[in-house]
Amino acid sequence: MSVMLPSFYRNSRKGFTLLEVLIALALLGILAGALYGTYFSLIKGRESAIEGMEGRRELRTTLDLLRREISSALFGKNNKRLHFSVENRDVFGKPASVLSFTAVASPQTGGQVISDQVDLKYEIVEREQKMILSRQAKDLYHDEEAARYPQMESIEGFLVECLNGDKWVKTWDTAINFGLPKAIRVTVTVKDGKKTVDYTVQAMPKVTQ
């Protein structure tokens with residue numbers, strides 16, 4: 001003898017249809033994509049903020065170092081080792097000055113005896129279509145070649161100007177000018193989003209022999 005089950009009981013034992021499963025999977029995929037997109041946007045924003053903070057710190061450090069070193073620039077007519085020169089160059093149509101000079105520096109610690117005078121050189125190095133500001137420093141009375149280190153990476157311009165009387169000029173050579181400029185103005189151009197921004201520092205040499 002067979003027993004007929006109520007219709008509501010029979011319907012309750014039915015599973016999901018294929019169409020319902022596909023719709024659920026599609027909704028799950030859309031939701032997961034939205035969540036992952038938001039997550040990666042947050043991560044990218046955070047990385048950009050950290051990169052921007054690091055770039056500003058690097059910029060402040062570089063401008064402060066240039067100001068202090070230029071203020072300590074050393075020149076004397078009777079000492080051929082002492083010099084100050086600025087070459088006007090460009091890379092990709094952007095200013096790329098070469099700054100080379102001697103300055104007074106604190107003696108470094110270590111086993112090798114060195115003087116308190118240093119030979120410094122700042123210049124642009126092109127690498128993979130990017131402009132990198134490099135710094136080279138060596139003791140004035142040691143002939144050993146000094147390594148060149150990246151001071152700032154991915155900049156848009158490095159311009160050095162010298163005050164000659166009441167006029168700013170882009171070149172200088174103590175072998176021709178027979179003295180230091182009255183003031184030196186250094187402008188570093190960097191990217192800020194889609195635009196470029198100039199940051200400038202000015203210093204006056206104070207040491208002569």
Side-chain angles (χ1 to χ4, degrees), residues 55-106 115-127 129-140 146 148-209:
R56 287 189 290 272
R57 184 197 64 79
E58 187 180 57
L59 177 63
R60 287 194 300 268
T61 300
T62 299
L63 291 177
D64 184 61
L65 180 63
L66 280 162
R67 180 187 57 79
R68 288 187 284 108
E69 289 180 339
I70 291 173
S71 297
S72 300
L74 180 65
F75 174 70
K77 295 179 180 180
N78 298 322
N79 188 339
K80 294 183 179 181
R81 289 179 178 266
L82 305 180
H83 65 96
F84 185 98
S85 66
V86 177
E87 297 178 47
N88 181 27
R89 296 182 183 176
D90 69 86
V91 175
F92 312 127
K94 302 172 183 178
S97 301
V98 178
L99 173 62
S100 178
F101 63 104
T102 48
V104 177
S106 301
S115 72
D116 63 348
Q117 298 174 14
V118 63
D119 199 347
L120 297 163
K121 186 175 184 179
Y122 287 87
E123 66 178 325
I124 292 295
V125 176
E126 177 192 347
R127 186 179 302 164
Q129 299 296 312
K130 293 182 179 180
M131 296 172 62
I132 299 172
L133 177 62
S134 68
R135 179 180 182 271
Q136 187 178 34
K138 67 175 182 177
D139 184 77
L140 187 61
R148 186 169 57 183
Y149 295 99
Q151 182 66 34
M152 279 195 69
E153 297 186 1
S154 300
I155 68 173
E156 295 297 311
F158 179 66
L159 176 63
V160 181
E161 299 169 284
C162 302
L163 185 59
N164 185 11
D166 57 355
K167 180 181 178 182
W168 289 99
V169 296
K170 297 180 180 179
T171 59
W172 195 273
D173 190 346
T174 46
I176 299 173
N177 299 94
F178 305 110
L180 293 169
K182 291 184 177 180
I184 296 95
R185 184 170 64 192
V186 179
T187 302
V188 177
T189 306
V190 297
K191 276 276 191 181
D192 186 6
K194 295 183 179 180
K195 60 182 181 179
T196 57
V197 182
D198 293 337
Y199 292 88
T200 302
V201 66
Q202 189 170 314
M204 292 185 292
K206 302 174 183 176
V207 183
T208 56
Q209 287 188 348

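Predicted model only: the values in this text are computed from it and were never measured. By convention here, the first residue in the shown sequence is residue 1.
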Look up atom [atom1] in [X] and atom [atom2] in [Y], then write down how far apart they are to the nearest 0.5 Å.
X: Trp172; Y: Ile184; atom1: CH2; atom2: CD1; value: 8.5 Å
X: Arg135; Y: Thr62; atom1: CZ; atom2: OG1; value: 9.5 Å
X: Thr171; Y: Glu161; atom1: OG1; atom2: CD; value: 11.0 Å
X: Ile132; Y: Ile155; atom1: CD1; atom2: CD1; value: 9.0 Å
X: Glu156; Y: Met131; atom1: CD; atom2: CE; value: 7.5 Å
X: Thr174; Y: Phe101; atom1: OG1; atom2: CZ; value: 12.0 Å

Nearest heavy atoms of [X] and [Y], plus distance in Å:
X: Ala137; Y: Ala146; value: O-CB, 3.3 Å
X: Val188; Y: Met152; value: CG1-SD, 4.2 Å
X: Pro205; Y: Ala73; value: CB-CB, 4.1 Å
X: Leu159; Y: Pro95; value: CB-CB, 4.0 Å

Do [X] and [Y] have side chains that approach each other closer than 4.5 Å (heavy atoms only, starting at C-beta)?
X: Phe158; Y: Val186; result: yes
X: Val190; Y: Arg56; result: no
X: Val125; Y: Arg148; result: yes
X: Ile124; Y: Arg89; result: no
X: Thr200; Y: Arg185; result: yes
X: Lys94; Y: Thr189; result: no
X: Gln136; Y: Lys138; result: no

Answer yes or no: is there an ion pair linking Arg127 with Glu153, defined by an N-O contact shorter than 4.0 Å?
-> no
Arg67 side chain to Val201 main-chain N or O, any donor-acceptor pair under 3.5 Å?
-> no
Got a donor-acceptor contact below 3.5 angstrom from the Ser100 side chain to the Lys121 backbone?
->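 No, Ser100 side chain to Lys121 backbone: no donor-acceptor pair under 3.5 Å.
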Show your working on side chain to side chain contact (heavy atoms under 4.5 Å, CB included) between Leu65 and Gln151 and close with a plain yes or no.
-> CA-CA 10 Å; Leu65 180 63; Gln151 182 66 34; 4.0 Å; yes
Walk me through it: do Val118 and Glu69 pass the test side chain to side chain contact (heavy atoms under 4.5 Å, CB included)?
-> CA-CA 10 Å; Val118 63; Glu69 289 180 339; over 6 Å; no
I would like to know whether Trp168 and Lys170 meet side chain to side chain contact (heavy atoms under 4.5 Å, CB included); could you show each step before the answer?
-> CA-CA 7 Å; Trp168 289 99; Lys170 297 180 180 179; over 6 Å; no
Other residues, nucleotides, ligands: >12 heavy atoms within 6.0 Å of Lys130 NZ = no
Could you check Leu99 against Phe84 for side chain to side chain contact (heavy atoms under 4.5 Å, CB included), going step by step and ending with a plain yes or no?
-> CA-CA 8 Å; Leu99 173 62; Phe84 185 98; 3.8 Å; yes
